[in-house]
Amino acid sequence: MYTLGMSCYYHDSAAALLKDGHVIAAVEEERFSRKKFDDGFPKMAIDWCLKESNISPDQLNSISFYDKPVLKFERLLDNYIAVAPKGLYSFLDTIPKWLHKRLWIKNEIKNHLKGFKGEIIFPEHHMSHAAHTFYTSPFTEAAILTVDGVGEWTTTSFGTAKNNTIQLTNDIRWPHSLGLFYSAFTYFLGFKVNEGEYKLMGLSAYGKPKYYDLIMDNLIDVKNDGSIHLNMKYFAFTHDKVMTNDKFSELFGVKPRKHDSKAEQIHYDIGASAQLVLEEILLKMVNHIHNKTKMSNLCVGGGVALNGVANYRILKEGPFENIHIPPSPGDGGSAVGCAQYLYYVYHNQKRVIESNHSVAIRENVYVGPSYSDDDIRQFLDSKNIQFEKFDRQQLLEKTAKLISDENIVGWYQGKMEWGPRALGNRSILADPRSDTMKDTLNEKIKHRESFRPFAPSILEEYTSEYFDIDIPSPYMLIVAKVKQPEKIPAVTHVDGTGRLQTVSAESNSLYYDLISEFYKITGIPVLINTSMNVMGEPIVNTLEQAYQMIVKTDMDCIVMGNNLIFSGGG
Ligand SMILES: [Fe+2]
């Protein structure tokens with residue numbers, strides 16, 4: 001049975017195709033449109049999923065859209081009435097988009113997928129998040145927590161899941177949102193909402209949570225069960241394009257930081273305070289959920305689950321024995337989530353859990369576009385690009401040596417990753433042992449804010465030697481304490497942590513073998529892994545985009561399949 005899922009019209013549009021519940025193709029629209037965080041109808045992503053799987057629309061059994069647009073529209077109208085006349089400009093901007101397009105998504109889907117005759121369903125937004133986290137987990141039963149900005153009305157939900165069923169029993173509703181609380185600080189500290197939250201997380205490591213009490217006393221009321229109530233006198237997001245108002249600025253004694261102005265200590269301290277508040281609330285929530293459910297497994301979903309620092313605290317200090325975070329907890333990931341809901345819950349299909357979770361990790365992640373060896377060869381020949389071809393073992397040895405000699409190496413292999421992170425197939429790799437490598441990477445390629453750390457990939461079996469963590473972190477969504485920072489300074493953040501990806505032979509054998517070769521040379525089972533993109537653009541998709549990395553940046557070389565291409569070799 002083929003089921004298609006899609007998400008769009010908020011941010012991170014995406015499409016995913018499942019065959020009998022297994023993801024066989026999934027990709028974000030931005031990878032084709034080259035518009036970062038593209039929120040448009042995911043037509044190229046849908047077309048690619050069908051082409052990749054060699055099926056036509058009439059072969060699709062059913063389609064799932066990741067939320068209920070009518071309920072969302074109802075919330076928008078309700079909100080504008082409640083805040084009127086304040087939200088007039090926002091109203092005039094937003095409502096036509098809904099009336100002309102978003103409410104008619106069903107027609108748009110049918111127009112795009114001519115020949116499709118099946119049913120289209122619209123699960124609730126948080127149900128799609130819940131489905132993505134539960135059905136990518138190794139658990140037969142689990143408590144569920146989803147936290148984001150907002151779906152239709154819900155901003156946080158919890159419940160339980162067992163076999164193929166999910167029940168979300170409790171929620172917190174708009175405008176009281178932990179995600180939007182964090183996004184308000186993201187905006188206030190000079191970053192883009194829905195995009196810059198991870199920058200705020202990185203920046204917060206440089207500060208002290210001096211404003212924790214100020215925030216708790218004024219901005220947010222938190223109950224022992226983790227339920228929250230925002231003091232809307234300080235927030236503007238219900239009626240304006242900005243997130244916070246003058247009262248919010250007065251509270252902290254500074255104006256919102258402009259994105260191009262220098263971050264000062266006060267910004268770091270405000271960031272650290274917001275981060276701590278977020279973590280403390282999440283801990284209250286998971287304690288409450290544990291009390292209520294008495295379960296040992298927890299699946300977390302929604303955009304807030306991208307906060308790896310908070311995930312680590314839930315893991316270390318929370319009451320659950322096991323936690324799971326899916327490869328793509330945000331709205332993009334819901335394209336898979338809503339299709340999983342459609343297959344398992346709506347169609348009531350039996351769930352079979354892969355006994356080796358590393359295999360499930362591979363199947364959850366490496367499901368995007370790829371190019372064959374012939375395609376790569378033809379591309380290189382057509383462009384007269386000089387390259388050296390190696391067999392597998394030679395390639396691994398040569399690449400590991402290049403990295404250990406402090407070259408910055410592009411690694412373009414197999415299928416593109418699902419989700420926001422490059423996990424060893426569309427990655428830029430470098431040596432983590434060097435103190436200066438972070439600056440070199442920033443100067444030569446990434447040009448990003450100095451407070452943002454680079455992430456490590458580590459052979460799974462060495463994880464607890466280097467990090468204070470005893471579970472795999474295959475999707476790079478947990479930030480753990482580094483145990484031996486002196487050995488891997490380039491991936492150790494200022495607060496002594498690293499946002500690690502654990503790699504096993506089953507989850508990605510080529511990447512695992514490459515790190516193993518690096519380990520043989522250096523004694524360090526870790527590489528720097530950063531996504532292959534130039535600043536402001538999505539991760540590379542095509543061969544041309546990958547090749548342009550050594551044209552446009554100072555990357556030293558790129559490995560495409562079995563072929564090594566040096567910068568200047570064109
Ligand atoms: Fe969401």
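Quantities reported herein were computed from a predicted structural model and do not represent experimental measurements. Both ligands and their constituent atoms are indexed starting at 1 by order of listing. In what follows, residues are counted from 1 in the order of the sequence shown.
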Can you pull the side chain to side chain donor-acceptor pair (under 3.5 Å) pairs that have at least one residue in residues 21-32, sequence neighbours excluded?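 For residues 21-32, and leaving out neighbouring residues, there are no side chain to side chain donor-acceptor pair (under 3.5 Å) pairs at all.
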Do the side chains of R362 and E354 get close enough for a salt bridge, i.e. N-O under 4.0 angstrom?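 No salt bridge links R362 with E354.
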Just by distance, with hydrogens left out, do Y212 and E280 show a side-chain donor and acceptor under 3.5 Å apart? no
For the Fe ion (ligand 1), which protein N/O/S atoms are closer than 2.8 Å? H125 NE2, H129 NE2, D148 OD2, D331 OD1
Counterpart residues, side-chain hydrogen bond (donor to acceptor under 3.5 Å, both in side chains), relative to S507 (two or more places apart):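 By the side-chain hydrogen bond (donor to acceptor under 3.5 Å, both in side chains) rule, S507 matches S504.
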Please identify each residue that fulfils side-chain hydrogen bond (donor to acceptor under 3.5 Å, both in side chains) with D495, with sequence neighbours left out. T497
Calculate, to the nearest 0.5 Å, the distance between atoms CG and CD1 belonging to N163 and I353 respectively.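 Going from CG on N163 over to CD1 on I353, the span is 7.5 Å.
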